[in-house]
Structure formats: structure tokens, C-alpha cells
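Hydrogens, waters and symmetry mates play no part in the numbers below; they use all other heavy atoms, side chains included. We number each residue from 1, following the sequence as shown. None of the values given here were measured: they were computed from a predicted structure.
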Amino acid sequence: MRKEMDALSRFYAFAIEHAALGIHAIDNNGNTIIYNNKMKQIEGLALEDVQDRSILELFNFEQEESTLLKALQSGNELLNVKQTYWNRNGIEITTVNDTYPVFENGNLIGAIELSRDITAMEKVLHQPDSKSNKPTTFNEIVAHSSSMKTVISTAKKAAKAKLPVLLIGETGTGKELIAQSIHNALSPSPKYFYTLHCHSSDPLLIDRLLEDLNESESYTLFCERIELLSIPLQKKLLALLSKSNSGNRQFIASIGDDPVELIASGNLLKELYYFFSSFAIRIPPLRKRHEDIMPFVSAYLNRRSKRYNSAIQGITPEVEKIFKHYDWPGNMRELEILLDEVTSLSSTETVITYNMLPLHFRVKTGDADDQSIEDFIVHRDKELLPLDEYLHAAEEYYINKAMKLHDDNVTKTANALGMSRQSLQYRLRKIKNER
């Protein structure tokens with residue numbers, strides 16, 4: 001009997017790995033139990049990316065709640081549900097899912113999801129700026145500082161020359177917007193704009209890119225963060241680009257650090273750097289161009305007002321001072337996300353005040369007066385708790401304090417803590433069940 005069960009298990013394992021559907025199973029804590037090859041292809045992650053991580057750490061579901069978590073929390077199956085979400089590397093995914101709760105002896109032990117990938121069916125031929133739903137051009141990029149004016153000027157020259165371009169800059173500096181602007185400045189303009197997200201450790205990533213590219217069409221290929229690819233994948237990418245370097249095609253890549261240091265550390269293939277380095281454009285971080293902050297805020301609020309009829313027209317001098325003194329480690333993207341948080345919760349306010357800033361941001365800027373250092377003191381004369389136990393207690397305390405601060409409003413608390421609403425709800429349920 002044992003031999004038969006072992007043999008059956010091997011057949012089950014083979015079937016799971018070779019299934020045409022993505023299969024993702026989690027236990028009752030949200031941790032991954034099964035993650036097959038097809039799901040790796042759909043989501044661009046490898047097994048080592050998902051092991052020992054909760055589904056909430058891996059994916060952002062925006063306004064939608066994970067169908068896996070819904071099945072886990074409700075104990076009900078969900079059939080033929082379309083879901084769009086983003087993995088932790090920022091890659092957008094659209095699937096149609098059949099999701100089932102899993103029971104053992106009457107106890108709910110987890111959930112399993114069967115996914116059909118429809119991402120390719122959902123994507124458009126040209127990828128517009130997701131915020132404005134129209135193609136991004138140089139005119140829409142905020143460039144009041146001299147350094148950003150130089151970036152735009154060089155990028156325009158690159159578009160005229162139609163040579164490969166390397167964009168160098170920290171996360172959130174706007175490298176993809178520059179790439180899209182170059183694409184839209186080309187004459188004639190290529191028909192397609194493809195983005196290759198290089199955050200994945202999937203060994204088939206370049207093979208699938210080759211399948212997606214239409215060699216008979218004109219296109220721009222933007223390879224985001226090429227240094228995050230393994231060296232073997234960088235070599236495969238270089239071989240593909242070298243063969244495709246003809247016709248009306250524009251190749252753009254980005255890296256997040258100094259190329260010399262990346263090459264010296266073994267993270268960037270020297271030959272791949274040389275391929276893209278015809279135009280090397282360094283995009284300065286926001287902390288080195290604070291004069292771009294207020295024009296960006298004004299442009300954002302103006303766009304928000306036109307699109308959503310928002311009443312907010314500006315910010316107070318106090319908030320402006322905080323913005324100009326903050327280092328913005330997430331750069332323009334962090335500023336934009338912050339403005340998204342604040343304006344989405346506003347109703348009749350006409351200016352952004354200090355009290356409207358999320359708690360997590362006020363803490364980072366050192367201006368929060370809602371927190372006491374005594375909350376986190378470790379006393380010498382008391383026995384130390386195991387780290388996991390201490391972190392669990394600290395999380396429960398902090399969440400409960402934040403909930404009280406926002407009158408038990410889950411949406412406002414989630415925004416203040418910089419997390420999704422469903423992620424906070426999951427943690428609140430977990431705290432309640434463990435009491």
C-alpha cells in the first residue's frame with residue numbers, strides 16, 4: 001500500500017508540474033504550499049521567490065481582494081473569477097481563476113487556485129502612461145531643475161539618433177516615463193512598446209520574450225533593470241538583441257546603480273552594458289533636485305482636479321517645508337503614491353494639511369507626535385522574549401494603536417500604515433483568532 005501511495009504521489013507531482021493551468025495552494029496562514037511551473041510563468045516568479053512568504057507579501061491586489069484569501073476566509077469556492085493584480089516586482093497580471101477551500105476532517109487547512117493566464121489578451125499594443133491613459137511625452141515630465149532639463153535634452157537627442165539607450169537611476173526616478181517618451185518621439189514611431197521586467201529569476205524569461213516579439217513589426221523594447229537578471233540570462237538577452245538590431249526598432253534598458261560598480265561586482269555583463277551605452281542617461285534622485293517637488297505636486301493636483309473633480313488645489317507651507325526637507329528614498333514614485341493616498345481620502349479639503357499626511361509618512365519624516373519611544377524600550381532587568389514573539393506582540397500593539405487613532409476605520413488605517421485594506425483585514429482577523 002505504501003509503495004502504491006508513493007508511486008501515486010510521484011504521478012500527482014508530475015501532473016502538477018506539467019499542467020497547462022497555473023496552480024497555487026496556500027495553507028491557513030497564507031503561506032505557499034504548491035506553486036507549479038505554469039504559475040511561475042504567469043507571475044514571473046520562481047519557487048525561491050515564493051517560499052516562506054505570505055501571499056500578502058508577494059502581491060498587491062489594489063482594490064480587489066485575493067481570490068485565494070477570499071476562499072480561505074469564507075470557506076466557499078469561487079469559480080471563473082477574473083482578477084488583475086501586481087506581483088512584488090511591479091508586474092501586472094490578469095488571470096481567470098477557479099479557487100477552492102481545502103478541508104481535512106472538517107477543518108479548513110488552506111485553499112488552492114487554478115489560474116488561466118489572460119494577461120496577453122488584456123494588454124494593448126501600445127502601453128500608455130497608466131495614470132493619464134494616454135501616451136507619455138517629454139512635455140509631461142516635470143523638469144524644472146537644470147539636471148532634469150539636461151536629462152530631457154539628452155533623451156530627445158537619443159530619439160533622433162535611434163541608437164540604444166541606457167537609463168541610470170534609482171527606483172522611482174521615472175526611467176520608464178523617459179523610455180516611453182523616447183518611444184513616442186521616434187519618427188516614424190514604432191508600432192509596439194514592450195517592457196521586459198528583469199526582476200524575475202525565471203530561466204525561461206528570455207525565451208518567452210522571443211515568442212512575444214514580432215520580428216516583422218517595428219517596436220521599442222524597454223528592458224527594466226537588466227542588472228537583476230542572472231549573467232546567463234543577460235547573455236541570452238544580448239544574443240537576442242544583437243540578432244534583432246535592424247529595422248525600425250528602439251532598444252532601451254535601465255539599471256539602478258553605477259554601471260562600473262555593477263560590472264565590477266559581477267552583476268552586469270560588460271558586453272550588455274556596451275550594447276546599450278551609446279546614450280547613457282543618468283536620472284538624478286529627487287533629493288538632489290528639490291526644485292522639482294512643488295511643480296510636480298502642482299501638476300499632479302491639476303491632473304487630479306480635471307480627472308476626478310478634486311477640490312484640493314495646493315498644500316500648506318508646513319507640508320511644503322516637510323516635502324522639501326525629506327530625502328524621498330522612493331523618489332517621484334514615492335511622492336506620487338503619497339499624493340494618491342492623501343487625495344483619495346479627502347472630501348471637501350482644498351489644501352493638503354499636516355494632519356492629512358499618513359501616519360507612516362509623518363513617522364519617516366520625524367515629525368510624528370503620536371508615538372512614544374517608551375513603546376519600544378527593551379528593559380535590561382526583564383527577560384527577553386523570542387524575536388518572533390516580540391515582533392508579533394509589537395505588530396498587534398501597533399495595529400491596534402493605529403486603528404484607535406483612526407476611529408477603527410479600516411480604510412484610513414490601512415492607508416496610514418502604507419498597506420492594502422485586505423492585508424490589514426487579514427492581520428486583524430489573525431489577531432482576533434489568536435486571542
Inset, instruction - May I ask you to check whether R304 and N309 show a side-chain donor-acceptor distance below 3.5 Å? - result: no
Inset, instruction - Please report the C-alpha distance between I252 and L221 in whole Å, then the side-chain angles of each, then the deciding distance to 0.1 Å, and finally whether the side-chain contact (heavy atoms from CB on, under 4.5 Å) criterion is met. - result: CA-CA 6 Å; I252 308 171; L221 175 62; over 6 Å; no
Inset, instruction - Let me see the working for Q180 and L177 under side-chain contact (heavy atoms from CB on, under 4.5 Å), right down to the final yes or no. - result: CA-CA 5 Å; Q180 290 179 0; L177 297 182; 4.3 Å; yes
Inset, instruction - Check whether any side-chain heavy atom of L114 lies under 4.5 Å from a side-chain heavy atom of N97, and answer yes or no. - result: no
Legend entry - Any donor-acceptor pair under 3.5 Å from N331 side chain to T171 backbone: yes
Inset, instruction - With the side chain counted from C-beta on, respond yes when Y219 and F251 share a heavy-atom pair under 4.5 Å apart, and no when they do not. - result: yes
Legend entry - Short side-chain to backbone donor-acceptor contact, S305 and L301, under 3.5 Å: no
Legend entry - Under 3.5 Å: donor-acceptor pair, side chain of H325, backbone of K321: yes
Legend entry - Approximate separation, where rounding is to 0.5 Å, of T136 OG1 and I182 CD1: 12.0 Å
Legend entry - Straight-line distance of L272 CG to L229 CG, nearest 0.5 Å: 8.0 Å
Inset, instruction - For E227 and G256, indicate whether the former's side chain and the latter's backbone hold a donor-acceptor pair under 3.5 Å. - result: yes
Legend entry - Side chain to side chain, T413 and T411, heavy atoms closer than 4.5 Å: no
Inset, instruction - Quick one: pull up CG in L210 and NZ in K236 and give me the separation to the nearest 0.5 Å. - result: 9.0 Å
Inset, instruction - Could you tell me the separation between the CZ atom of F276 and the CD1 atom of I168, rounded to the nearest 0.5 Å? - result: 12.5 Å
Inset, instruction - Grab the two heavy atoms, one from S187 and one from K162, that are nearest each other, plus how far apart they are. - result: O-NZ, 2.6 Å
Inset, instruction - Search all heavy atoms of M419 against all heavy atoms of S423 and return the closest pair with its distance. - result: CE-OG, 3.5 Å
Legend entry - salt_bridge(R289, E291) N-O dist < 4.0 Å: no
Inset, instruction - Please report the C-alpha distance between R333 and E170 in whole Å, then the side-chain angles of each, then the deciding distance to 0.1 Å, and finally whether the salt bridge (Lys or Arg N to Asp or Glu O under 4.0 Å) criterion is met. - result: CA-CA 11 Å; R333 186 180 302 167; E170 298 175 4; over 6 Å; no
Legend entry - S298 (side chain) donor-acceptor with M294 (main chain) under 3.5 angstrom: yes
Legend entry - Heavy-atom check, side chain of I178 versus side chain of I141, under 4.5 Å: yes
Inset, instruction - Using atom types as modelled and distance alone, determine if a side-chain donor or acceptor of T137 lies under 3.5 Å from a backbone N or O of S181. - result: no
Inset, instruction - State, without any angle test, whether K40 and N37 hold a side-chain donor-acceptor pair at a distance under 3.5 Å. - result: yes
Legend entry - Short side-chain to backbone donor-acceptor contact, T316 and V319, under 3.5 Å: yes
Inset, instruction - Decide yes or no on side-chain contact (heavy atoms from CB on, under 4.5 Å) for I26 and N31, but give the supporting numbers first. - result: CA-CA 5 Å; I26 59 174; N31 296 317; over 6 Å; no
Inset, instruction - Look at R303 together with E336 and state whether they make a salt bridge at an N to O cut-off of under 4.0 Å. - result: yes
Inset, instruction - Quick one: which residue pairs count as a side-chain hydrogen bond (donor to acceptor under 3.5 Å, both in side chains) with a foot in residues 257-268, not counting sequence neighbours? - result: D258-R282, S265-N267
Legend entry - Euclidean distance, N184 CG relative to E140 CD, rounded to 0.5 Å: 9.0 Å
Inset, instruction - May I ask you to check whether F361 and W328 place their ring centres under 6.0 Å from each other? - result: yes
Legend entry - Note, T195 side chain near E176 side chain (heavy atom, < 4.5 Å): yes
Inset, instruction - Could you tell me whether the side chain of N28 and the main chain of G110 form a donor-acceptor pair under 3.5 Å? - result: no
Legend entry - S218: partners by side-chain contact (heavy atoms from CB on, under 4.5 Å), with sequence neighbours left out: P190, K191, N248
Inset, instruction - Search all heavy atoms of D292 against all heavy atoms of V142 and return the closest pair with its distance. - result: O-CG1, 3.7 Å
Inset, instruction - Would you kindly say whether S115 and H24 are connected by a side-chain donor-acceptor distance under 3.5 Å? - result: no
Inset, instruction - Report yes if the side chains of V165 and Q250 come closer than 4.5 Å at any heavy-atom pair, otherwise no. - result: yes
Inset, instruction - Decide side-chain contact (heavy atoms from CB on, under 4.5 Å) for L237 and I226; before the verdict, give the C-alpha distance in whole Å, the side-chain angles of both, and the deciding distance to 0.1 Å. - result: CA-CA 9 Å; L237 176 61; I226 54 174; 4.1 Å; yes
Legend entry - Aromatic plane relationship, F193 with F222 - under 30° parallel, 30 to 60° tilted, over 60° perpendicular: tilted
Legend entry - Donor-acceptor contact present, side-chain S153 to main-chain K149, <3.5 Å: no
Legend entry - Over all atoms of both residues, closest heavy-atom pair of L357 and I352: CD2-CG2, 4.2 Å
Legend entry - side-chain contact (heavy atoms from CB on, under 4.5 Å) partner of E113, chosen from L78, T95, L68: L68
Inset, instruction - Give the minimum heavy-atom separation between Y100 and A71, together with the two atoms involved. - result: C-CB, 4.4 Å
Legend entry - Residues forming a salt bridge (charged side-chain N to carboxylate O under 4.0 Å, His left out) with K324, sequence neighbours excluded: E320
Inset, instruction - Please round to the nearest 0.5 Å and tell me the distance separating atom CG of L166 and atom NZ of K175. - result: 10.5 Å
Inset, instruction - Look only at the side chain of T150 and the backbone of S146, and say whether a donor-acceptor pair between them is shorter than 3.5 Å. - result: yes
Legend entry - Exercise: identify the closest heavy-atom pair between A416 and E341: N-OE1, 4.5 Å
Legend entry - Y273 side chain to Q234 side chain, donor-acceptor N/O pair below 3.5 angstrom: no
Legend entry - Side-chain touch L286/T173, heavy atoms, less than 4.5 angstrom: no
Legend entry - Non-hydrogen side-chain atoms of P101 and E77 separated by less than 4.5 Å: yes
